[in-house]
> 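One structure, pasted below without further comment.
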Amino acid sequence: MLIGKLATRALRRQNLILHRTIVTKPELKQLDTSAAAAVPPDVDPINEPRNPIGGARIHFTNPEDAIEVFVDGYPVKIPKGMTVLQACEVAGVDIPRFCYHNRLSIAGNCRMCLVEVEKSPKPVASCAMPALPGMKIKTDTPIAKKAREGVMEFLLMNHPLDCPICDQGGECDLQDQSMAFGSDRGRFTEVKRSVVDKNLGPLVKTVMTRCIQCTRCVRFASEIAGVQDLGVLGRGSGEEIGTYVERLMTSELSGNVIDICPVGALTSKPFAFKARNWELKGTETIDVTDAVGSNIRIDSRGPEVMRILPRLNEVIYCLMAMLELLFEVCLNRDAWEVWLIEAITALGILTLEDINEEWISDKTRFFYDGLKRQRLNDPMIRGADGRFKAVNWRDALAVIAEIALQAKPSEIVGIAGKLSDAESMMALKDLLNRLGSNNVWCEGLSNAPNADLRSGYIMNSGIAGLENADVFLLVGTQPRVEAAMVNARIRKTVRATGAKVAYIGPPTDINYDHQHLGTGPETLLEIAEGRHPFFSTISNAKKPAIIVGAGVFDREDKDAIFAAVDTIAKNGNVIRPDWNGYNVLLHSAAQAAALDLGLVPESSKSIESAKFVYLMGADDVDLDKIPSDAFVVYQGHHGDRAVYRANVILPSSAFSEKEGTYENTEGCTQQTLPAVPTVGDARDDWKIIRALSEVAGLRLPYDSVRAIRSRISTVAPNLVKVDEREPASFGPELKPESKGKISPTPFEASVANFYMTDSITRASKIMAQCSATLLKK
């Protein structure tokens, strides 16, 4: 919502009138005359094109379904079924609201969105009123203003004066709207009511006396998160939001209620009393704790990350910002913007896809305190007594180069961690290739998966494309803990269209209707051979989707399992020219780029005979497989598990401190931006490897980010196309036939602890609290 702009506009209008009344120029004393003279004679103020609010856009699937309504005299065409509020947004009129949210069901209980409709005896709630052909809507009449003023007076009747101590201060919808639409005084002198605060867990802080009963949190919990933890208790003045029984909010998306709460009733518990929003610097970047690549904004103050919020990643907002700058001096700027957007959308040039909509998981939102704990500050070398000693970069790199040059090429191994960016993995692969070794891979891909065809390891339908599927088959994956935003998208599809979901894997908690077919690959083989009843469900579906978990890569029978999935996709019409429902859900942010760059080991057992092991942020490697006489280099930003086995430690920058390229599970390339400075003497990963290559006399041919990205473009051109999703060129039909047999071993859970999956989240105190309280049986 653009409530802040709305309030600014209202104040600006008042200041403008006040300014005109005290000017002594005769031609400006007549307000109506001067206002009319300010408008060019060839511009119609009513029919002048307007910008839709918040990038609102409409799409007519059938031109015959279009109806025309008039908003403050301005004609606008909208599809049938749209509400009055949505029509006003398309017409460029921002309607105040508290309970309405465009991704939640309509409640209509705040009454702040009242507008006047011609022939209606009283103001109507625009969020719940469907627009009718020829309807004349008036949003700026004295009746509508008085109605909103009265509603605001009722809302403030019991609202405490907590603004100076409220964490929502400065970004509160109630503050903005009371300033723009409220009265300067209230008539209620009764004692304000008070409500007991609820304990929702370690993430969400509650001050329920501030609650205005908009029920956004209740609708989000039941519709988006899929948990029935919140509800409305009581009636009248005794009405309040809470849990029916004393319990915590256990959803992995619970932190989103903080964003959608229009007042300070639900705020961030870890962020409480830490900073005001105007003290923070926002940096738009992406999340790297899973393979989704959720779009986030990091708010920092000085060298410290203070909080993480979601952001919309729709391309239209970037285009609007560019056009505003481009046509700043143009009189008909709005007309140009509307025309260009309509033209580009009609031509299909502009794709308006989003990854995480406007939600993020609790792990993404609250792991930030791990960025300042257990950090590695200086290069260190383990001495003869087993203790680490801080040294300078020159000495550390010299020791590593000497050992690496002495090792045989077949005994050199490099492993990239879950959080590695494409630049660092490219540099690591080039360095090991110059040392004569090709045993380099990414965590979770040590079993030599097939990286020849991109269609075999990305989500071909796209995350947003899952909404078009009508049947889902989940194979060895638990999306709720592996990729919470993908799970939210599947749940959204199931609720909206009634899509059928079948699951093959260990028993797990899935928050939507599904059918558990079995726990092992034998069930998958039955479906592939047409002996299972669910095969007919896939065959009769219009757009079936298969989602295979990345945990299958770790199985010895992975080729046979993927062969069975390929058979189902072929016989079930899963892959067609207009639809590709063959999907693989990866676990970490580095895996897709690693497979694109060819980080696949020559042998899955090469680490067992290695003498020189280079761990680049790899903390989940089975350290017991590394020989005791091997020389281990650990390059990373946190002192996690692998540090205890390292001989040399090289400190690197975290994702929030560098510019890096990542590819998410659907094949969309995105980049992180530095939000805070690096810690201590840490350096970017690719710069460390580049310096090591020079010390070893094997200088890599790039000295800048642009140069290394040029090198990446020769290996994987899709990794330099930022914010674009490159579809796979070939399908699984080109795979060689697998001769292996499926093992009867059941599928296992790939993620044991949702809140602790990498070195940053394991260092987070907040994630430790969540793991101790929310995962407690």
Side-chain angles (χ1 to χ4, degrees), residues 1-3 6 46-47 49-148 150-152 155 173 177 181 212-216 218-220 222-224 232 260 262 338 342 345 352 357-358 467 492-493 495-498:
M1 295 187 301
L2 302 178
I3 303 302
L6 197 62
I46 295 180
N47 296 319
R50 306 179 184 181
N51 282 334
I53 297 297
R57 59 190 184 276
I58 53 177
H59 175 65
F60 296 97
T61 55
N62 186 2
E64 297 179 358
D65 291 339
I67 61 175
E68 186 177 43
V69 298
F70 299 88
V71 180
D72 294 334
Y74 177 74
V76 57
K77 288 188 177 181
I78 58 174
K80 289 181 180 179
M82 290 189 72
T83 63
V84 171
L85 187 146
Q86 293 171 325
C88 293
E89 287 184 338
V90 174
V93 178
D94 199 357
I95 303 297
R97 81 292 299 266
F98 288 116
C99 67
Y100 174 80
H101 193 280
N102 59 346
R103 300 192 190 275
L104 302 176
S105 61
I106 296 174
N109 48 358
C110 78
R111 319 308 287 182
M112 192 64 198
C113 62
L114 294 175
V115 297
E116 187 178 359
V117 176
E118 195 172 84
K119 297 182 181 180
S120 177
K122 58 182 180 180
V124 300
S126 59
C127 69
M129 171 66 71
L132 301 176
M135 179 179 283
K136 295 182 179 180
I137 306 163
K138 301 175 183 179
T139 66
D140 204 25
T141 61
I143 294 178
K145 291 181 179 179
K146 186 177 180 180
R148 295 170 186 169
V151 170
M152 181 61 66
L155 291 175
D173 290 349
Q177 295 192 36
F181 305 103
I212 60 172
Q213 287 82 41
C214 71
T215 68
R216 278 188 182 183
V218 177
R219 285 174 284 149
F220 173 84
S222 61
E223 297 170 11
I224 307 297
V232 182
I260 64 176
V338 173
E342 290 179 352
T345 306
L352 300 173
E357 297 181 302
E358 57 189 272
E467 296 186 19
K492 178 182 178 182
T493 307
R495 291 189 71 253
T497 64

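The first residue of the sequence shown is numbered 1, and numbering continues consecutively from there.
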> Tell me, please, which residues at least two apart from E467 pass side-chain contact (heavy atoms from CB on, under 4.5 Å).
E357, R489, K492, T493
> Is the CG atom of L132 crowded by more than 12 outside heavy atoms at less than 6.0 Å?
yes
> If you round to the nearest 0.5 Å, how far is CG of L155 from CZ of R148?
13.5 Å
> Would you confirm whether E223, through its side chain, and S105, through its main-chain N or O, come within 3.5 Å as a donor-acceptor pair?
yes
> Please identify each residue that fulfils salt bridge (charged side-chain N to carboxylate O under 4.0 Å, His left out) with E358, with sequence neighbours left out.
R103
> List the residues meeting side-chain contact (heavy atoms from CB on, under 4.5 Å) with E118, not counting sequence neighbours, and say none if there are none.
K136, K138
> Quick check for you: to the nearest 0.5 Å, what is the distance between I95 atom CD1 and Y100 atom OH?
11.5 Å
> Hey, what do you get for CZ (R216) to CG (N109), rounding to the nearest 0.5 Å?
10.5 Å
> With rounding to the nearest 0.5 Å, note down the distance linking CD1 in I78 to OG1 in T83.
8.0 Å
> Measure the shortest side-chain to side-chain distance between Q213 and V232 over non-hydrogen atoms and say whether it is less than 4.5 angstrom.
no
> Taking salt bridge (Lys or Arg N to Asp or Glu O under 4.0 Å) as the cut-off, I'd like each qualifying pair that reaches into residues 78-93, sequence neighbours left out, listed once.
E89-R97
> Check for a donor-acceptor pair, side chain of R111 on one end and backbone N or O of A147 on the other, with a separation under 3.5 Å.
no
> Side chains of V90 and M82: does their closest heavy-atom pair fall under 4.5 Å?
yes
> Closest heavy-atom contact between I67 and A131?
CD1-O, 3.6 Å
> Could you tell me whether the side chain of D140 reaches within less than 4.5 Å of the side chain of E116, counting heavy atoms only?
no
> For the pair T215 (side chain) and V218 (backbone), establish whether a donor and an acceptor sit closer than 3.5 Å, ignoring hydrogens and angles.
no
> Would you give the length of the straight line joining atom CD1 of I106 to atom CZ of R219, rounded to the nearest 0.5 angstrom?
9.0 Å
> Would you confirm whether S126, through its side chain, and V84, through its main-chain N or O, come within 3.5 Å as a donor-acceptor pair?
no
> Once side-chain contact (heavy atoms from CB on, under 4.5 Å) is applied, do any residues pair with C110, and if so which ones, sequence neighbours excluded?
F98, C99, M112
> Return each pair, listed once, that meets ring pair (Phe, Tyr, Trp, His ring centres under 6.0 Å) where at least one residue sits in residues 113-138; pairs must be two or more places apart or across chains.
none
> If you take all heavy atoms of L114 and A144, which pair is closest and at what distance?
O-CB, 4.2 Å
